[in-house]
Amino acid sequence: MNIKNIKYVAAAMLVGMSLTSCEDFLDRPVEDNYNTENFYTDDASCIRGVNYLYNSPWYDFQRGFIKIGEVMSGNMYWGSSPYMNFSLNGTDQDLVNMSYSLWAEIGHCNTVYNSIKEASCSQSVKDQCMGECLAWKAMAYFYLVRTFGDVPIVHDNSVHIGSGDYNNLHKIAKADVYDYILLTLERAMELLPKTKSTQGRIDYYCAEGLYAKVLLTAAGVNGSLNNDFLQKASAASLDVINNSGRTLMANYEDIFRGSNNISDESLFAWRWTVGAQWTSQNTLQSDLMPEGFDENGDCWGGWGGPSADLQDAFGYDVTENPSSRIDKDARRKATMMGAGDIYEYFWRDHDLGNNKKGLDIIRFYFDKDYNKAATGQFQGPCGVQNVKHAYGDNADHLAETGIAAGRMAYAVATHILRLSDVYLVHAEAEVLQGNTTSATALSAFNAVHQRAVPSDVEKTSLTFDDIWKERRLEFAGEGDRWYDFVRRAYYDVNSCINELKAQRRNAIWNCSQVYKTWFESGKVTWDPSAIQYDDPDNGGTPRPNVTENTFTIPYPTEDVALNPNLGSNVTADRVDVRATYSY
């Protein structure tokens with residue numbers, strides 16, 4: 001990373017001045033009023049000083065979160081984006097912003113952690129706050145190592161500022177970076193309480209859930225599966241399942257509503273708000289939803305959307321008459337909206353007739369009586385639009401969160417580690433050990449699957465492919481799928497290459513024409529014959545080139561220019577993490 005990243009966060013000495021109450025996670029420093037010597041004076045100030053780690057430093061990661069996690073993985077179509085065809089290079093601005101955001105989070109976590117160590121507050125609050133700092137630091141490093149591979153370890157900002165070596169740091173081998181993440185989480189778990197927070201704060205079991213996922217990922221980092229790590233991942237995830245006091249939410253789509261920002265399902269989340277401090281807010285709706293979706297004139301994402309390949313995974317077919325379509329999996333409608341879909345939690349102030357209100361996506365585009373801004377053209381390039389990360393219009397935001405949305409600013413949480421993930425981590429860790437009929441793995445898998453597909457018979461044995469597909473459907477749109485490929489590529493890269501090459505990653509043409517005719521005919525005429533997939537095997541956009549190197553993304557060019565040790569031709573150092581670092 002470059003001087004801008006380390007020196008900025010160290011010099012800032014962020015101390016977090018609350019602009020509202022502690023649980024609002026709207027804490028941001030006012031550096032001319034406070035410093036570390038006079039801010040951390042009691043329990044409340046220490047809690048406020050940690051709150052902003054849940055939002056502001058993560059702000060510039062939002063676009064990279066979607067483009068890497070969803071576009072690169074083949075879950076989302078995004079036109080001619082380099083994330084679509086794996087032509088991404090170090091000058092891409094979203095990649096630059098992502099890297100900066102992750103290093104900033106690490107630097108802030110280090111600074112706040114060291115400040116709170118010397119704070120005048122109760123030991124229980126001090127432990128809790130220090131544990132939260134370490135848990136967030138571990139999460140940032142987890143994204144970094146899965147994105148860039150070998151990365152430097154910044155254990156303490158002040159050490160590097162004092163020595164002036166922040167532009168000479170060496171990359172550390174990714175296996176050792178994973179060990180550092182595990183060390184950091186082990187210390188976090190020693191500090192964090194086991195009592196579940198009512199404010200959405202990280203506790204012991206949240207950190208243990210991440211610990212299990214890191215172990216599962218690190219198990220294959222050296223090219224073959226480490227059975228000891230798989231056993232530990234299984235044990236840690238099962239402890240969360242059995243002892244955390246958390247349960248899966250009954251209705252899948254409810255997870256993503258603002259009224260459920262804080263729930264049993266949400267272990268780690270970016271907890272956004274709307275306020276005077278820019279970067280404390282969620283802005284994903286702007287990039288993911290079509291023009292006119294809210295009243296603020298800040299949506300421009302309709303020309304991207306869930307891919308043909310993801311539709312295939314859900315068993316969804318844009319050529320099927322919506323009047324006769326039956327969704328087997330509840331996650332489909334919670335992930336992608338297409339012709340015939342109606343949402344009562346979006347546009348709840350818009351009349352649908354028959355004493356019903358909500359969003360009808362076809363009327364949104366083609367009915368000016370329903371939507372005065374209707375454009376007459378369905379934008380989704382594959383015939384569907386996104387659902388996750390959207391809040392709707394101002395009436396929806398107010399009803400769900402109790403506060404008004406602003407331009408590119410809303411307060412729906414972004415869940416980045418959910419309880420169902422821990423369930424599937426447990427199932428995968430067991431299956432990779434050969435325990436395909438493990439009672440606990442079957443119970444975990446069936447709980448996740450049958451929430452979404454209650455009509456299915458419970459599994460009595462599991463395969464890796466069962467879990468692989470289940471993860472895709474469960475977390476589609478949530479920025480995680482690419483990292484599933486990275487984890488698997490460590491020890492089974494050819495399967496990942498073959499799957500990515502075989503995906504239907506291109507556009508589906510003429511859906512708008514068919515949808516418009518269907519609407520104007522009163523939902524009588526449905527003729528999908530004009531709908532065509534941009535087939536690479538028949539003159540369409542070529543399939544992307546995928547190689548072993550595809551699964552490691554290049555560093556930002558400016559970082560390498562300032563620190564040549566980050567170059568792709570530089571061998572990473574090996575470090576005995578446990579002997580070198582301590583908290």
Side-chain angles (χ1 to χ4, degrees), residues 50 53-54 109 113 124 127-143 145-146 177-219 221 226-249 262-271 415-430 432-433 438 440-441 443-445 447-448 467 471 474-475 478 480 483 487 577-578 583:
V50 170
L53 298 178
Y54 286 76
C109 289
Y113 174 86
S124 61
D127 288 349
Q128 163 74 24
C129 291
M130 290 168 62
E132 289 176 69
C133 291
L134 295 181
W136 275 122
K137 178 181 177 179
M139 179 64 83
Y141 258 117
F142 193 36
Y143 277 116
V145 70
R146 292 179 298 167
V177 176
Y178 279 115
D179 197 23
Y180 182 74
I181 296 170
L182 294 171
L183 172 71
T184 301
L185 284 170
E186 286 161 8
R187 179 55 177 155
M189 290 158 62
E190 291 174 359
L191 294 167
L192 289 165
K194 290 190 173 182
T195 305
K196 182 169 57 179
S197 169
T198 60
Q199 299 174 4
R201 310 190 76 88
I202 296 168
D203 64 27
Y204 173 92
Y205 292 107
C206 299
E208 189 176 32
L210 179 58
Y211 187 70
K213 189 170 182 177
V214 174
L215 282 164
L216 178 66
T217 306
V221 71
N226 180 322
N227 204 61
D228 181 53
F229 273 28
L230 293 177
Q231 290 176 357
K232 289 178 179 178
S234 175
S237 54
L238 189 61
D239 189 44
V240 175
I241 294 168
N242 288 341
N243 299 315
S244 69
R246 289 174 163 82
T247 57
L248 298 177
M249 293 191 70
I262 298 169
S263 70
D264 278 4
E265 188 91 10
S266 182
L267 303 183
F268 278 72
W270 298 329
R271 303 204 176 279
H415 308 295
I416 56 175
L417 181 66
R418 294 199 282 109
L419 184 62
S420 60
D421 198 343
V422 179
Y423 278 55
L424 294 180
V425 163
H426 179 71
E428 185 172 339
E430 285 291 295
L432 289 175
Q433 294 177 77
S438 159
T440 55
S443 176
F445 179 90
V448 174
I467 300 164
R471 287 192 61 84
E474 178 72 12
F475 306 114
E478 299 180 49
D480 194 60
Y483 298 112
R487 177 175 73 250
V577 167
R578 306 286 169 156
Y583 288 102

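Only a predicted model underlies this, so the values are computations on that prediction, with no experimental measurement involved.
Salt bridge annotation for Glu190-Arg187: present, with a cationic side-chain nitrogen under 4.0 angstrom from a carboxylate oxygen.
Arg271 contributes a side-chain N or O that, together with a main-chain N or O of Gly200, makes up a donor-acceptor pair within less than 3.5 Å. Listed for the Gln128 side chain is a donor-acceptor partner under 3.5 Å among the backbone atoms of Ile202. Ser244 places no side-chain N or O within donor-acceptor distance of the main-chain N or O of Ile241, the cut-off being under 3.5 Å. Side chain of Arg471 to backbone of Ile467: no donor-acceptor contact under 3.5 angstrom is found. Listed for the Arg418 side chain is a donor-acceptor partner under 3.5 Å among the backbone atoms of Glu474.
Between Leu216 and Leu432, some side-chain heavy-atom pair lies under the 4.5 Å cut-off. Contact annotation: the side chain of Asn226 never approaches that of Leu215 to less than 4.5 Å [non-hydrogen atoms, C-beta and beyond]. Between Arg246 and Cys206 there is a side-chain heavy-atom pair separated by less than 4.5 Å. For the pair Tyr141/Thr184, no side-chain contact is recorded, criterion being any heavy-atom separation below 4.5 Å from C-beta on. Here the side chains of Arg578 and Leu182 are in contact, with some heavy-atom distance below 4.5 Å. The shortest side-chain heavy-atom distance between Val221 and Thr217 does not fall under the 4.5 Å cut-off.
Figure legend: Arg487 and Tyr483 shown without cation-pi pairing, the cationic atom not lying both under 6.0 angstrom from the six-membered ring centre and within 45 degrees of its axis.
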* Just do the side chain to side chain contact (heavy atoms under 4.5 Å, CB included) check on Thr195 and Asp203 with the steps written out, would you? => CA-CA 7 Å; Thr195 305; Asp203 64 27; over 6 Å; no

* Might you work through the salt bridge (Lys or Arg N to Asp or Glu O under 4.0 Å) test for Lys213 and Asp480, ending with a clear yes or no? => CA-CA 12 Å; Lys213 189 170 182 177; Asp480 194 60; 3.0 Å; yes

* Asked: Would Val422 and Tyr205 count as a side chain to side chain contact (heavy atoms under 4.5 Å, CB included) if you check the C-alpha gap in whole Å, the side-chain angles of each, and the deciding distance to 0.1 Å?
  -> CA-CA 10 Å; Val422 179; Tyr205 292 107; over 6 Å; no

* Mind running side chain to side chain contact (heavy atoms under 4.5 Å, CB included) on Arg146 and Tyr178 for me, showing each step along the way? => CA-CA 10 Å; Arg146 292 179 298 167; Tyr178 279 115; 3.2 Å; yes

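Note: Tyr143 and Trp270 have tilted aromatic rings, judged against thresholds of 30 and 60 degrees for the angle between ring planes. Between Tyr180 and Tyr583, the ring-plane angle classifies as tilted under the 30° and 60° cut-offs.
Rounded to the nearest 0.5 Å, atoms CG (Leu53) and SG (Cys133) are 5.0 Å apart. Interatomic distance, OG of Ser124 versus CG of Leu191, reported as 11.5 Å (0.5 Å rounding).
Across every non-hydrogen atom of Glu265 and Met249, the tightest pair is OE1-N, 3.1 Å. The two atoms that bring Cys129 and Val50 nearest to each other are CB-CG2, 3.6 Å, heavy atoms only. Closest approach of Leu210 and Phe268 over heavy atoms only: CD2-CZ, 3.8 Å. Across Leu417 and Gly209, no two heavy atoms sit closer than the pair CD2-C, 3.8 Å. Contact between Gly245 and Asp264 at its shortest, heavy atoms only, is O-OD2, 3.8 Å. Between Leu192 and Tyr204, the shortest heavy-atom contact is CB-N, 3.6 Å.
Using modelled atom types and a 3.5 Å distance limit, the side chains of Tyr54 and Glu132 yield a donor-acceptor pair.
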